[in-house]
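In what follows, every chain begins at residue 1, and chains take the letters A, B, ... in the order their sequences are listed.
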Amino acid sequence: MQRRDFLKRSLVGLGGASSLWATTSQFNLVNAATSANSFTDYKALVCVFLLGGNDSLNMLIPTDQRAYDQYAATRQNLAVARNVALPINVTNTQYSSVGLHPSLAALHTIYEQGNMALVANVGPMIEPASKADILTGRVMLPPQLFSHSDQQNHWQTAHPQQAALTGWAGRMADMLSDGTEPLSMNLSMAGNNLWQTGSQVLPFALSSQGAEILEGINPDEEWQRPNAAFLDRIHANTEGLFASQFAAMVDRTRTTGGLVNSALALGPELSTAFPATRFAEQMRLVANMISVQQHLNQPRQIYFVAMGGWDTHDNQLADHPTLLSELANGMAAFYNATAELGVSEQVTAFTASDFGRTLTSNGDGTDHGWGGNHIVLGGAVQGADIYGQLPQMSLGSDDDLGDGRIIPTLSVDQYAATLAQWFGLADNELTEILPNLNNFNQHNLGFLAE
Amino acid sequence: MFTRFIFCFFLVALLPACGGEDAATPAPEPTPSPQPQPTPPDRAMTDQEAVRLLLQASFGPTDGSVENVAEIGAEAWLEAQFASPVTEHLPLLNSTFPGDEIYSHHWVEIWWQRSIYADDQLRQRVAFSLSQIFVVSTKDARLLVDPRGVTSYYDTLLTHSFGNFRDLLEAVTLHPMMGMYLSMLGNEKPDAERNIRPDENFAREVMQLFTIGLVELNQDGSVVTDSQGNPVATYDQETIKGFAHVFTGWHYAGRASWWDDNYDGQSPMEPYEAFHDRGEKILLNGTVVPAGQNARADLAMALDNLFNHPNVGPFIGKQLIQRLVTSNPSAGYVSRVAAAFNDNGEGVRGDMRAVIEAILLDDEARDINSTSTGKLRNPLLRIAHVMRVFQSRARDGGMGHEFVGLNIGVAPLDSPSVFNFYRPDYSAPGAIREAGLVSPEFQITNEISITRYVNYMFYMAWFNNLRGDDIVEDDAGIVNFDQLAALSDDHDALLDYLNLMLMDGQMNDTMRTVLMDALDYWSQGEADWVKLANVVYLITISPQFAAQQ
């Protein structure tokens with residue numbers, strides 16, 4: 001048996017086929033659709049979810065001597081050397097000087113130019129929580145803190161006290177859509193996800209090739225049309241909840257896939273180079289989709305991109321810098337592509353992740369924590385600064401719930417509200433999609449221009 | 001390109017027949033439910049009932065297995081399967097790929113060979129279900145480069161599939177693949193000086209995913225709530241720390257010392273006492289592991305502590321039901337299976353045979369008119385089903401499906417994280433969610449995965465043996481349509497056969513009419529394989545095939 005991947009080759013090859021039949025019929029559909037919203041401008045939000053829990057407390061290194069010594073003593077062998085941290089401009093923090101992890105070098109210039117901000121110590125919460133309140137049980141906490149699945153859900157639902165079935169981007173899209181749009185506002189590079197799931201709006205999955213061509217029932221191929229019609233008849237008589245749901249998803253794939261590919265075929269060739277990583281390939285497709293949004297008649301788009309591998313329980317010294325540089329290179333290329341397209345001020349990308357990790361080590365890695373630092377990127381970002389307070393990098397401090405699991409000082413709700421307000425939601429709409437927002441004083445953290 | 005060639009051939013061959021033709025779309029007609037056939041006098045069950053069992057308890061029916069099950073019935077078939085010796089994967093991997101040039105797709109190749117052709121089908125299917133609970137993944141670079149270790153892990157699941165859950169739990173815990181994947185391997189006792197505390201990875205996931213879950217359960221799988229109606233957590237961070245301290249001091253077998261560099265990806269991990277924490281640990285329900293014990297004694301107490309928690313029966317039992325039979329078992333069904341876990345009738349807890357029997361012999365599993373929602377089938381199981389029915393093989397003796405993961409995004413032991421490809425409580429938005437039901441396999445069902453799956457079925461149906469030399473690649477998986485060719489002139493008989501083998505008799509009258517039209521349409525002036533490929537393709541991409549009733 002030789003190494004062989006004919007199926008792979010063939011699928012990739014076929015994915016690039018043009019979709020002329022879909023062009024005529026489906027663009028008519030797009031143009032006929034009237035949007036409930038009155039946006040005259042274009043904006044896109046891009047969530048970069050770092051699956052597994054990024055040790056984001058190590059992305060920012062306090063570099064004034066006293067703080068650095070404390071950081072180094074706490075993080076031991078995981079500490080980044082002071083002299084390799086990339087110095088960055090900061091005004092809003094208690095530390096007089098802070099450095100960026102050297103593996104984030106690709107983002108350093110973008111930060112310094114003001115097109116990237118950092119948001120410190122964000123995590124899922126129900127209401128503000130101090131260590132004393134937590135230890136005496138005076139505060140409502142999200143259930144199952146430190147568990148991957150639960151904290152991912154908390155980030156995505158922003159409603160930790162309930163087994164919420166919708167995410168805040170899904171609820172936002174419900175609000176901004178009228179249900180007649182042929183293509184979902186919520187576009188996912190990572191399949192199904194809670195964040196983009198609304199009551200009406202569901203994420204539409206894309207791969208880094210776009211929407212791929214269905215073989216055998218492709219209406220663009222004349223000989224395949226009879227099979228498409230046979231399948232239509234089978235679907236029309238499908239019974240049972242599970243079979244019907246499957247049929248509905250197949251039909252959605254059939255009707256909308258051609259539309260996406262037809263639009264993508266009209267997009268400009270990007271001259272920005274993207275690295276050959278899975279993450280960067282996803283970001284490139286997002287840039288491609290943004291470049292053809294006018295053909296899709298989508299004045300608002302919400303993207304979900306995921307990158308795995310962040311659960312660094314071991315081998316962290318080798319693995320984490322690799323992950324950070326893949327992240328930084330992909331995000332930097334994406335920013336440059338939006339600048340090339342002239343839409344950098346209309347596109348904001350931000351990171352999310354299960355949790356920050358413990359300041360303490362388990363020998364060669366770290367365990368699940370709570371609060372973490374995050375990146376916001378785009379021309380509308382009031383950048384070159386850190387928003388919120390970096391936690392104290394010492395054990396036993398007021399920020400430390402134990403073993404260096406850091407209590408967040410900003411909630412996901414505040415982070416999300418800032419993004420959502422920029423995206424076009426009014427104050428009263430914010431509290432509709434973020435039911436816990438009113439538990440926090442500051443609704444807009446200020447890292448995005450009005 | 002190879003596939004372009006096929007397409008050109010196909011187009012040239014068919015265009016005259018297609019020209020001007022249009023498959024009309026008549027209005028849907030009412031469709032009566034399929035009527036169950038009476039059991040023939042010399043049979044224990046009908047063919048349809050046999051196929052139902054084989055869809056739940058094997059990788060799919062074959063002509064021979066349907067005959068066998070219909071003749072002897074479910075109980076006798078289960079007994080025979082329990083007695084069947086384990087068909088391990090590693091010996092075949094080692095004999096087929098003896099050299100150093102071994103990659104992860106070689107493990108997948110062997111997985112197909114065994115899953116499709118091994119005689120101990122029930123064991124193979126149960127082990128596949130267990131591999132989605134006790135998850136390790138070749139997405140982890142260290143596992144990716146050791147296919148023999150990964151295969152050995154799968155053999156561990158096979159070996160213990162019909163044994164006791166306590167032994168299974170220990171074997172999984174000590175396997176070096178799990179040791180690497182959830183970083184118990186090399187986990188050392190605390191070192192306060194250096195702010196080092198034990199790794200919590202395995203400690204957390206062995207509770208959350210492998211044994212008891214996050215919340216207290218009743219025997220029927222329902223959640224225990226407190227006086228305010230909130231779920232009661234099974235453990236907290238302190239419990240995790242207790243277990244994390246227990247799971248210290250283990251490393252690859254056969255090392256002269258902890259810091260030696262001997263690598264053994266197959267033998268159970270061994271304790272290195274100097275790195276084991278000998279302090280006192282508090283586990284579930286306040287169980288105290290006394291100070292001063294060695295690593296093995298601590299481990300035994302900790303695994304006993306997990307094994308004896310009342311959650312294990314409903315927690316594991318329900319997930320096995322979901323993998324084999326239905327996504328939404330009734331509370332009574334879960335309770336009956338959990339009872340079998342708790343006591344096999346001879347006072348033994350954790351007897352996997354009793355659990356499997358309880359799952360597969362339950363009325364909810366056996367009743368052909370069950371009102372259960374059934375489940376969406378994992379796409380790997382749908383592909384395996386086609387391979388079994390049509391005895392698929394490549395001409396070079398391989399299976400031709402070792403890159404299935406690249407194509408459809410799902411492969412054995414290759415999930416994105418320890419949380420498997422889908423969670424047992426995932427509920428697809430829409431009617432399923434509104435009905436308050438769960439549908440785990442829908443978590444990986446989206447526009448991309450559907451496209452990949454439909455295209456995979458297209459190639460599977462087109463790569464059939466009736467095409468002979470048209471298929472030039474010796475390593476392509478080829479389905480055998482001889483049985484279909486024999487029925488080719490009798491479309492009724494052909495659809496009866498496909499209805500039984502691919503659809504367990506669930507083809508309604510409308511679908512039958514459509515497929516009859518399709519057979520007629522694709523008969524016009526074409527070779528037999530054309531209509532057979534098209535009708536198999538239409539069935540295998542149909543929603544009725546994707547779902548299991």
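- Formation of a donor-acceptor pair under 3.5 Å by the B:Asn195 side chain with backbone atoms of A:Ala73 is found in this model.
- Contact record, A:Ala243 with B:Gln544: CB-N, 4.4 Å, taken as the closest heavy-atom pair.
- Summarising the geometry, atom CD1 belonging to A:Ile234 is positioned 8.0 Å from atom CD1 belonging to B:Ile539; distances are rounded to the nearest 0.5 Å.
- For chain B, the nearby parts of A:Thr238 are the backbone and the side chain; heavy atoms of each come within less than 4.5 Å.
- Panel note: side chain B:Asn455, backbone A:Ile213; a donor-acceptor pair is recorded below 3.5 Å.
- Residue B:Met180 touches chain A through its backbone alone, counting heavy-atom pairs closer than 4.5 Å.
- Only the side chain of B:Arg433 comes within less than 4.5 Å of a heavy atom in chain A; its backbone stays farther off.
- Using a 4.0 Å cut-off between charged nitrogen and carboxylate oxygen, B:Arg204 and A:Asp367 do not count as a salt-bridge pair.
- With a 4.5 angstrom heavy-atom cutoff, B:Phe545 does not touch chain A via any of its atoms.
- Using a 4.5 Å cut-off between heavy atoms, B:Glu193 contacts chain A through its backbone alone, with no side-chain atom that close.
- A:Arg233 and B:Thr513 get closest at one heavy-atom pair: NH2-CG2, 4.2 Å.
- Looking at B:Glu200 and A:Arg405, a side-chain N of the basic residue comes within less than 4.0 Å of a carboxylate O on the acidic one, giving a salt bridge.
- Looking at A:Thr253 and B:Ile448, their side chains never come closer than 4.5 Å, going by heavy atoms from C-beta outward.
- When heavy atoms are compared at a cutoff of 4.5 Å, B:Glu205 approaches chain A solely by way of its side chain, counted from C-beta outward.
- Residues B:Trp522 and A:Asn227 meet the side-chain proximity criterion, which asks for heavy atoms closer than 4.5 Å.
- Not one N or O on the side chain of B:Asn446 forms a donor-acceptor pair closer than 3.5 Å with the backbone of A:Phe204.
- A donor-acceptor contact shorter than 3.5 Å links the side chain of B:Arg197 to the backbone of A:Thr360.
- Heavy-atom pairs under 4.5 Å with chain B were tallied for A:Leu51, A:Ile217, A:Leu145, A:Leu359; the largest tally goes to A:Ile217.
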Q. Checking side-chain hydrogen bond (donor to acceptor under 3.5 Å, both in side chains) for the pair B:Gln208/A:Ser149: CA distance, chi angles, key distance, verdict?
A. CA-CA 10 Å; B:Gln208 182 170 350; A:Ser149 51; 3.0 Å; yes
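- Highest contact tally toward chain B, considering only A:Asp319, A:Thr358, A:Asn193, is held by A:Thr358 [criterion: heavy-atom pairs under 4.5 Å].
- When heavy atoms are compared at a cutoff of 4.5 Å, A:Asp311 approaches chain B solely by way of its side chain, counted from C-beta outward.
- Ranked by heavy-atom pairs under 4.5 Å with chain B, the list A:His368, A:His313, A:Arg75 is led by A:His313.
- Note on ring orientation: taking the six-membered ring where Trp is involved, the planes of A:Trp223 and B:Trp462 are tilted (angle from 30° to 60°).
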